[in-house]
Amino acid sequence: MFAVNTTAPTASAAPAADTMPRGPLLAIGALLLVVLVGVAGVRLSGVDIREPDAAAVATRSLRFEDRPDGSVAVLDATSGRQVHAIQGEAGFLRGALRAMARERRKQGLGSAPPFELIARADGRLTLVDPATGERVDLESFGPTNAGAFAQLLTAQPVAAR
């Protein structure tokens, strides 16, 4: 016959080899708590932790219009003349503009107010929507993506077809 072991394990059994000591866990938990409290304190205090903007060295007011062929016309807001056409994917350009347009739609604004593209003395490039107060610091997305907008600062009007 088979014998059944009916004895329960005793409380003096050795701990498992893969358990972590309690001290380091408490130290990690305390550190996380201090960091969270510090971040919350700064956020709730209203202190602006952004670096102040450098002086503007070039500014251009631009409007963007969808065209029936799927392209996006870039218009100089001052003259009303087209300075560029965004063809095809142009992922970053279209993505940044889509995000700004979404904010305008949420606030019930149309596409008529121009955006401002600002080149700064420290080399940074900023796209600002004065209508909503939204801004995108373009250099944060790398030089290639910022360069897609930088070319719009100096683009000359496209010849009429």
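Across all their heavy atoms, Phe149 and Leu117 have their closest contact at O-CD2, 3.2 Å. The two residues Pro114 and Asp129 have their closest heavy-atom pair at O-OD1, 4.5 Å.
Pairs of residues two or more places apart, or lying in two chains, that qualify as side chain to side chain donor-acceptor pair (under 3.5 Å) and include a residue from residues 54-64 are Arg60-Asp76, Arg63-Glu65. Residue pairs that meet the ring-ring contact (aromatic ring centres under 6.0 Å, His included) test with at least one member in residues 20-41, sequence neighbours left out, do not exist here.
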Exercise. Check the pair Val74 / Gln82 against side chain to side chain contact (heavy atoms under 4.5 Å, CB included), numbers first and verdict last.
Key: CA-CA 6 Å; Val74 181; Gln82 182 174 333; 5.8 Å; no

Exercise. Report the C-alpha distance between Thr126 and Val136 in whole Å, list the side-chain angles of each, state the deciding distance to 0.1 Å, and finish with yes or no for side chain to side chain contact (heavy atoms under 4.5 Å, CB included).
Key: CA-CA 6 Å; Thr126 308; Val136 177; over 6 Å; no

Self-check item: Check against side chain to side chain contact (heavy atoms under 4.5 Å, CB included), Leu62 and Leu75
Solution: CA-CA 6 Å; Leu62 299 168; Leu75 308 172; over 6 Å; no

Self-check item: Step-by-step side chain to side chain contact (heavy atoms under 4.5 Å, CB included) determination, Leu127 to Met100
Solution: CA-CA 9 Å; Leu127 180 64; Met100 301 283 258; 4.0 Å; yes

Self-check item: Pair Asp137-Ser140, side chain to side chain donor-acceptor pair (under 3.5 Å): steps then yes or no
Solution: CA-CA 6 Å; Asp137 293 317; Ser140 301; 5.2 Å; no

Quiz prompt | Derivation and outcome, salt bridge (charged side-chain N to carboxylate O under 4.0 Å, His left out), residues Asp122 and Arg120 | solution = CA-CA 5 Å; Asp122 60 2; Arg120 304 200 180 272; over 6 Å; no

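Partners of Asp66 according to the side chain to side chain donor-acceptor pair (under 3.5 Å) rule, which considers only residues two or more places apart in sequence or in another chain, do not exist here. With sequence neighbours left out, the salt bridge (Lys or Arg N to Asp or Glu O under 4.0 Å) criterion links Glu134 to no other residue.
The structure places CZ of Arg124 at 11.0 Å from CD1 of Ile118, a figure rounded to the nearest 0.5 Å. Taken from NE2 in His84 to CZ in Phe64, the straight-line distance is 9.5 Å, to the nearest 0.5 Å. For the atom pair Arg105 CZ and Glu103 CD, the distance stands at 10.0 Å (nearest 0.5 Å).
Using cut-offs of 30° and 60° for the angle between ring planes, the Phe141 and Phe92 rings count as tilted.
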Please table the atom pairs, donor to acceptor, closer than 3.5 Å between any side-chain atom in residues 150-157 and protein atoms at least two apart or in another chain.
residue, atom, partner, partner atom, Å
Gln151, NE2, Ala148, O, 3.3
Gln156, NE2, Thr154, O, 3.2

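In this structure, Arg104 satisfies the cation-pi test against Phe115, with its NZ or CZ atom closer than 6.0 Å to the six-membered ring centre and inside 45 degrees of the ring normal.
Other residues sharing a hydrophobic cluster with Val57 under the 4.5 Å side-chain heavy-atom criterion for ILVMFWY residues do not exist; the residue is a singleton.
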